[in-house]
A.B. asks: 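Input: one structure, supplied below.
Keep in mind that the numbers below use all heavy atoms, side chains included, and drop hydrogens, waters and symmetry copies.
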Amino acid sequence: MHKIDLHGLRVHDGWKRFRSSTVDAYMQGHKQIVVVVGQGEMSKEFEKWCEADPYVRETRRLDRNAGAFRVILKKKK
């Protein structure tokens, strides 16, 4: 499973890394990625990022960690 850790980055830098990671994961055929954002400002914006991302199908907060999400990617065409 593909995992990225954005915790500790500035919000804009986290967004750029998230976008490049979803593109890479999609192109490599990954079905999902785990994204660690922490519990600060980035976590408040993260679901909006996912809604706007053309490769994301669904987002779920991980139960065991409030600052992490499971991002389900669309099927590669």
A.B. asks: Hey, quick one: are W15 and V56 part of the same hydrophobic cluster, counting side-chain heavy atoms closer than 4.5 Å, chains of contacts allowed?
C.D. replies: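 Result: yes, single cluster for both.
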A.B. asks: Between K74 and P54, is there a donor-acceptor pair closer than 3.5 Å when you use the side chain of the first and the backbone of the second?
C.D. replies: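 Such a contact is found between K74 side chain and P54 backbone.
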A.B. asks: Between E47 and R61, is any pair of side-chain heavy atoms under 4.5 Å apart?
C.D. replies: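 Counting from C-beta outward, E47 and R61 do come under 4.5 Å.
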A.B. asks: Give a yes or no on whether R19 atom CZ has more than 12 heavy-atom contacts from other residues, nucleotides or ligands under 6.0 Å away.
C.D. replies: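 Yes, enclosed.
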A.B. asks: Taking atom NE2 of H7 as the centre, does the number of heavy atoms from other residues, nucleotides or ligands within less than 6.0 Å exceed 12?
C.D. replies: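 No, NE2 of H7 has 12 or fewer neighbouring heavy atoms, counting only those of other groups under 6.0 Å.
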A.B. asks: Which of parallel (below 30°), tilted (30 to 60°) and perpendicular (above 60°) describes F18 and F46?
C.D. replies: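 Geometry flag for F46 against F18: perpendicular rings.
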A.B. asks: Indicate yes or no: at least one non-hydrogen side-chain atom of T59 is less than 4.5 angstrom from one of R70.
C.D. replies: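 Side-chain contact under 4.5 Å: no.
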A.B. asks: Is I4 reachable from W49 through a run of hydrophobic residues whose side-chain heavy atoms are each under 4.5 Å from the next?
C.D. replies: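 In one cluster with W49: I4, yes.
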A.B. asks: May I ask whether L73 and F69 are part of the same hydrophobic cluster, defined by side-chain heavy atoms of I, L, V, M, F, W, Y residues being less than 4.5 angstrom apart, directly or through others?
C.D. replies: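 In one cluster: yes.
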A.B. asks: How far does CZ of R17 sit from CG of D5, to the nearest 0.5 angstrom?
C.D. replies: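 Nearest 0.5 Å value for the CZ-CG distance: 8.5 Å.
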A.B. asks: Rounded to the nearest 0.5 Å, what separates atom NE2 in H2 from atom CD in Q32?
C.D. replies: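 Reported to 0.5 Å precision, the distance equals 12.0 Å.
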A.B. asks: Could you pull out the closest heavy-atom pair between S43 and G38, with the gap in Å?
C.D. replies: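 Looking at all heavy atoms of both residues, the closest pair is CB-O, 3.4 Å.
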A.B. asks: Search all heavy atoms of V71 against all heavy atoms of C50 and return the closest pair with its distance.
C.D. replies: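 Looking at all heavy atoms of both residues, the shortest contact is CG2-SG, 4.3 Å.
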A.B. asks: Determine yes or no for a side-chain-to-main-chain donor-acceptor pair under 3.5 angstrom, with K31 supplying the side chain and I72 the backbone.
C.D. replies: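 Such a contact is absent between K31 side chain and I72 backbone.
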A.B. asks: Any side-chain heavy atom of L6 within less than 4.5 Å of one from V35?
C.D. replies: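 With C-beta onward as the side chain, the pair touches.
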A.B. asks: Could you check whether any side-chain heavy atom of D24 comes within less than 4.5 Å of a side-chain heavy atom of T22, counting everything from C-beta outward?
C.D. replies: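 Not in contact.
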A.B. asks: Do I33 and Y26 sit in one hydrophobic cluster, given that two such residues count as connected whenever their side-chain heavy atoms are within less than 4.5 Å of each other, even indirectly?
C.D. replies: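 No, because I33 and Y26 fall into different hydrophobic clusters, even though each may have its own neighbours under 4.5 Å.
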A.B. asks: Are K44 and E41 ion-paired here, with the side-chain N under 4.0 Å from a carboxylate O?
C.D. replies: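 Judged by the 4.0 Å cut-off on N to carboxylate O distance, K44 and E41 do form a salt bridge.
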